[in-house]
Novice: 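Before I ask anything, here is the structure I am working with.
Sequence lines set the chain letters: A, B, ... in the order given, protein chains first and strands last, and positions in each chain run from 1.
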2 protein chains.
Amino acid sequence: MNDQGRDCEELVADCRVRAVTDLFTHTWDPVVLTALRRGPRRRRELRAAIGGLSDKVLTEALRRLCAHGLLERRAFAQAPPRVEYALTALGQSLVDGPMQALGDWIIEHGDELLNAQEKTS
Amino acid sequence: MNDQGRDCEELVADCRVRAVTDLFTHTWDPVVLTALRRGPRRRRELRAAIGGLSDKVLTEALRRLCAHGLLERRAFAQAPPRVEYALTALGQSLVDGPMQALGDWIIEHGDELLNAQEKTS
DNA sequence: CAGTATCCACATCGATACTG
DNA sequence: CAGTATCGATGTGGATACTG
């Protein structure tokens, strides 16, 4: 994360690879990003669309993604409160690029992955 | 992970997105994969090339990746023991496809990511 | 060299109850 | 509706010493 200029061919720790993969170490972050790829959503919509994650975890994920500049929080002064979350340009590029590639890969190779997993478990 | 056929447009949890992103929830797994993209390596070479991870964690990562069908373990009956780890065809396709896309993205957008992070921390 | 066995620190997640 | 606070279960990683 701190050796941007260093050659990453051999010494892989602390290199750029980590800078991205760290974004995925939190289980729900990529899921939240994916859920927003079609456009902004309110907090509650998100929670319902994703399903299976607690308020606390959702809040943490949203804060983290905002802090990383991938999400933007838009609060409206209303009662009841209305808050929307939207991908920033940076976040959108991540979703449309690498995460789309990830999705394409699983569509093509997902079965192989599951088969291999079952064999050994 | 178990609802392969389900529509993932809206309900994101337990869908295919997770099947891939779960591969990245373990910090070192993608690093190990990347370190093997040029060809097979012995355990010790790997540890040295990556740097900063313990024997235990390396072992765990290797076992997990083998179990998922992404890595192959080749042991030679020798003294001292010689063991090589190599990407399978499946693993290679993951590294050359999605992980390459991830690397390309960070090369292009890494600075934005770091700037945004520093602003908020 | 390859791999295992403990012990410990720490973070993530889940469930629940509560505030504005 | 949006968000916070707390507690506990679980798991991931680090350090160290040891076996074949």
Novice: Establish, with yes or no, whether the OP1 or OP2 oxygen of D:dC1 is under 4.0 angstrom from a side-chain nitrogen or oxygen of A:Arg44.
Specialist: yes
Novice: Measure the distance from CZ on B:Phe24 to P on D:dT12 and round it to the nearest whole Å.
Specialist: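 Computing the B:Phe24:CZ to D:dT12:P distance gives 16 Å.
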Novice: State whether A:Arg63 places a side-chain N or O below 4.0 Å from either non-bridging phosphate oxygen (OP1 or OP2) of D:dT4.
Specialist: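 Checking D:dT4 against A:Arg63, a side-chain N or O does come within under 4.0 Å of OP1 or OP2.
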Novice: Salt bridge check: are A:Asp55 and A:Arg47 linked by an N-O gap of less than 4.0 Å?
Specialist: yes
Novice: Please report, rounded to the nearest Å, how far the P atom of C:dT12 is from the CG atom of B:Asp22.
Specialist: 16 Å
Novice: If a stem is a run of at least 3 consecutive Watson-Crick or G-U pairs, both distances under 3.5 Å, which stems include DNA chain C?
Specialist: C:1-20 with D:1-20
Novice: Would you compute the distance between atom CD of A:Gln92 and atom CG of A:Leu33 and round it to the nearest 0.5 angstrom?
Specialist: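 Atom-to-atom, A:Gln92:CD and A:Leu33:CG are 10.0 Å apart.
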Novice: Nearest 0.5 angstrom please: A:Leu23 CG to B:Leu102 CG, how far?
Specialist: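 Separation between the atoms: 8.5 Å.
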Novice: Does the protein touch nucleotides 13-20 of chain C at the base, only the backbone, or not at all? Give it as B, S and - per nucleotide, heavy atoms under 4.0 Å.
Specialist: BBB----B
Novice: Could you pull out the closest heavy-atom pair between B:Leu113 and B:Trp105, with the gap in Å?
Specialist: CD2-CZ3, 4.2 Å
Novice: Measuring from atom CG of B:Leu90 to atom CD of A:Glu108, what distance do you get when rounded to the nearest 0.5 angstrom?
Specialist: 10.0 Å
Novice: First locate atom CD of B:Glu112, then atom CG of A:Leu94, and finally report the distance between them rounded to the nearest 0.5 Å.
Specialist: 11.0 Å
Novice: Rounding to a whole Å, what distance do you find between B:Leu62:CG and D:dG13:P?
Specialist: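 About 13 Å, once rounded to whole Å.
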Novice: Can you tell me how far CG of B:Leu62 sits from OH of B:Tyr85, rounded to the nearest 0.5 angstrom?
Specialist: 5.0 Å
Novice: Please tabulate, for the side chains in residues 75-82 of chain B, all donor-acceptor contacts under 3.5 angstrom to protein atoms that are two or more places apart in sequence or on a different chain.
Specialist:
from    : atom 1 : to      : atom 2 : distance (Å)
B:Arg82 : NH2    : B:Glu84 : OE2    : 3.0

Novice: Base, sugar-phosphate alone, or nothing: which one does B:Phe76 contact when heavy atoms must sit under 4.0 Å apart?
Specialist: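 Here B:Phe76 touches no strand at all.
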Novice: How long is the line joining CZ of A:Arg74 and C1' of D:dC1, in whole Å?
Specialist: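 Atom CZ in A:Arg74 sits about 18 Å away from atom C1' in D:dC1.
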Novice: To the nearest Å, give me how far apart CZ (B:Arg41) and C1' (C:dA2) are.
Specialist: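 Distance check: B:Arg41 CZ to C:dA2 C1' gives 17 Å.
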Novice: Say you draw a straight line from CD of A:Glu60 to CG of A:Leu53; how long is it, rounded to the nearest 0.5 Å?
Specialist: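 These two atoms lie 10.0 Å from each other.
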Novice: Heavy atoms only, 4.0 Å cut-off, all strands: where does B:Arg42 land among base, sugar-phosphate and nothing?
Specialist: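 Answer is sugar-phosphate: B:Arg42 comes under 4.0 Å of backbone atoms only.
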